[in-house]
Enquirer: 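Questions regarding the structure given below will be posed in turn.
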Amino acid sequence: MKKIIKIAAALLLVIAFAQNSKAQFSFNAGLDVGFVMEEGMGLMYGLALGGELPIGDNMGLTFETGYDMIMVEGDGASAALIPFQAGLKYYFTDNEGGMYLHGQTGVTMYKVTVDLGGFGTASASTTNLSFGVGPGFLVNEHIDLGADYNMILADGGSLSFIAVRAAYKF
């Protein structure tokens, strides 16, 4: 919980900085679809919210959060991810359009729930360090398409996935 409070405080500082400097801070909302590369898991899908603060013609500070459901093999099992990540976006031309490379790091909450039949359900959750990197293309001032490779690090292993995202910038 302390990590979430720290991340929320950092996001508020970014927003305050954006308002004080009259920078063109933008928000975005999008859909994620991906594939988890772990045995027993497969397709993932969800919603994502983010923001970007330009820090030059070719760079931007970013943050992203969301909620992704993961399809899990087995009756009554489900998994979900809630990332809180911040990073940098580098545009190869300028931050008004075209190709970019995006890298983020932060924490991701991971929750697994299993149906125990007549005995109810059991669930477990953990919050771990995560990071992602990938290319993207800003089609115009409102449409952002991206792909990324993400990894969530945990004691005794990791969870990795590849995802694509289509977002609308406000």
Side-chain angles (χ1 to χ4, degrees), residues 1-38 44-70 80-111 126-154 157-170:
M1 186 63 160
K2 288 182 183 179
K3 290 180 184 179
I4 294 172
I5 293 171
K6 288 179 185 177
I7 292 170
L11 292 177
L12 288 174
L13 286 174
V14 169
I15 292 169
F17 173 76
Q19 290 177 349
N20 287 338
S21 67
K22 299 190 189 229
Q24 297 297 318
F25 188 81
S26 63
F27 287 98
N28 62 70
L31 300 171
D32 290 329
V33 176
F35 184 77
V36 179
M37 298 180 291
E38 304 300 328
M44 64 173 276
Y45 56 93
L47 301 173
L49 299 173
E52 181 176 349
L53 175 65
I55 56 172
D57 291 338
N58 296 76
M59 296 282 288
L61 292 174
T62 64
F63 77 89
E64 186 174 318
T65 188
Y67 186 84
D68 293 308
M69 294 293 300
I70 301 172
L81 300 173
I82 303 173
F84 297 95
Q85 295 183 324
L88 289 173
K89 190 182 277 189
Y90 176 77
Y91 293 89
F92 292 106
T93 54
D94 61 31
N95 55 12
E96 299 296 321
M99 292 288 298
Y100 63 81
L101 187 61
H102 191 202
Q104 292 185 306
T105 189
V107 296
T108 298
M109 294 174 17
Y110 175 66
K111 182 177 183 179
T126 182
T127 302
N128 296 301
L129 178 66
S130 61
F131 62 90
V133 63
F137 187 79
L138 192 57
V139 177
N140 57 38
E141 64 184 42
H142 296 293
I143 306 298
D144 187 353
L145 304 174
D148 59 356
Y149 170 80
N150 280 273
M151 183 176 280
I152 302 166
L153 304 176
S158 64
L159 178 77
S160 56
F161 60 90
I162 296 173
V164 293
R165 180 174 185 238
Y168 184 83
K169 291 176 68 173
F170 299 97

Enquirer: Under 30°, 30 to 60°, or over 60°: which ring-plane class applies to Phe27 and Phe63, parallel, tilted or perpendicular?
Expert: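 Rings of Phe27 and Phe63: perpendicular, as their planes differ by over 60°.
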Enquirer: I would like to know whether Phe84 and Met109 meet side-chain contact (heavy atoms from CB on, under 4.5 Å); could you show each step before the answer?
Expert: CA-CA 8 Å; Phe84 297 95; Met109 294 174 17; 4.0 Å; yes
Enquirer: Leu88 and Thr62: which non-hydrogen atoms are nearest, and at how many Å?
Expert: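 Heavy-atom minimum between the residues: N-OG1, 4.0 Å.
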Enquirer: Heavy atoms, side chains only, cut-off 4.5 Å: are Arg165 and His102 in contact?
Expert: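 No, too far: nothing below the 4.5 Å cut-off.
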Enquirer: Side chains of Val164 and Asp32: closer than 4.5 Å at any heavy-atom pair?
Expert: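 The answer is no, as the side chains (C-beta and beyond) never meet within the 4.5 Å cut-off.
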Enquirer: State, yes or no, whether a side-chain contact exists between Phe25 and Leu53 at a heavy-atom distance under 4.5 Å.
Expert: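 Yes. Closest side-chain heavy atoms under 4.5 Å.
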Enquirer: My understanding is that only one of Leu153, Val36, Thr108 makes a side chain to side chain contact (heavy atoms under 4.5 Å, CB included) with Leu159; could you say which?
Expert: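 Single pass found, and it is Val36.
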Enquirer: Using a 3.5 Å distance criterion without hydrogens, assess whether the side chain of Thr65 forms a donor-acceptor pair with backbone atoms of Pro83.
Expert: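 Checked: pair present.
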Enquirer: Short question: side chain of Thr105, backbone of Ser130 - any donor-acceptor pair under 3.5 Å?
Expert: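 Here the side-chain-to-backbone pair exists.
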Enquirer: At what distance, to the nearest 0.5 angstrom, does CG of Asp148 lie from CD of Gln85?
Expert: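 The CG atom of Asp148 sits 8.0 Å away from the CD atom of Gln85.
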Enquirer: Shortest non-hydrogen contact from Asn128 to Ala154?
Expert: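 Here Asn128 and Ala154 meet closest at ND2-CB, 3.7 Å.
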Enquirer: May I ask you to decide if Thr93's main-chain N or O and Asn58's side chain share a donor-acceptor pair within less than 3.5 Å?
Expert: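 Checking the backbone N and O of Thr93 against the side chain of Asn58, a donor-acceptor pair under 3.5 Å is found.
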Enquirer: Which pair of non-hydrogen atoms, one from Ser158 and one from Glu38, has the smallest distance, and what is that distance?
Expert: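 Looks like O-OE2, 3.5 Å.
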Enquirer: What is the minimum heavy-atom distance between Phe137 and Tyr100, and which atoms define it?
Expert: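 Shortest heavy-atom separation between Phe137 and Tyr100 comes out as N-CE2, 3.5 Å.
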Enquirer: Would you sort out whether Leu81 and Phe161 count as a side-chain contact (heavy atoms from CB on, under 4.5 Å), showing the intermediate values?
Expert: CA-CA 11 Å; Leu81 300 173; Phe161 60 90; 3.7 Å; yes
Enquirer: From Thr126 OG1 over to Lys111 NZ, what is the distance, rounded to the nearest 0.5 angstrom?
Expert: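 Spacing of OG1 (Thr126) from NZ (Lys111) equals 13.0 Å.
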Enquirer: Of the non-hydrogen atoms in Ser26 and Phe170, which two are nearest, and what is the gap between them?
Expert: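 Reported closest heavy-atom pair: CB-O, 3.7 Å.
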Enquirer: Shortest non-hydrogen contact from Gly51 to Asn28?
Expert: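 Result for this residue pair: N-ND2, 3.8 Å.
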Enquirer: State, with a plain yes or no, whether a side-chain heavy atom of Lys89 is found less than 4.5 Å away from one of Leu138.
Expert: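 Result no, sub-4.5 Å side-chain heavy-atom pair not found.
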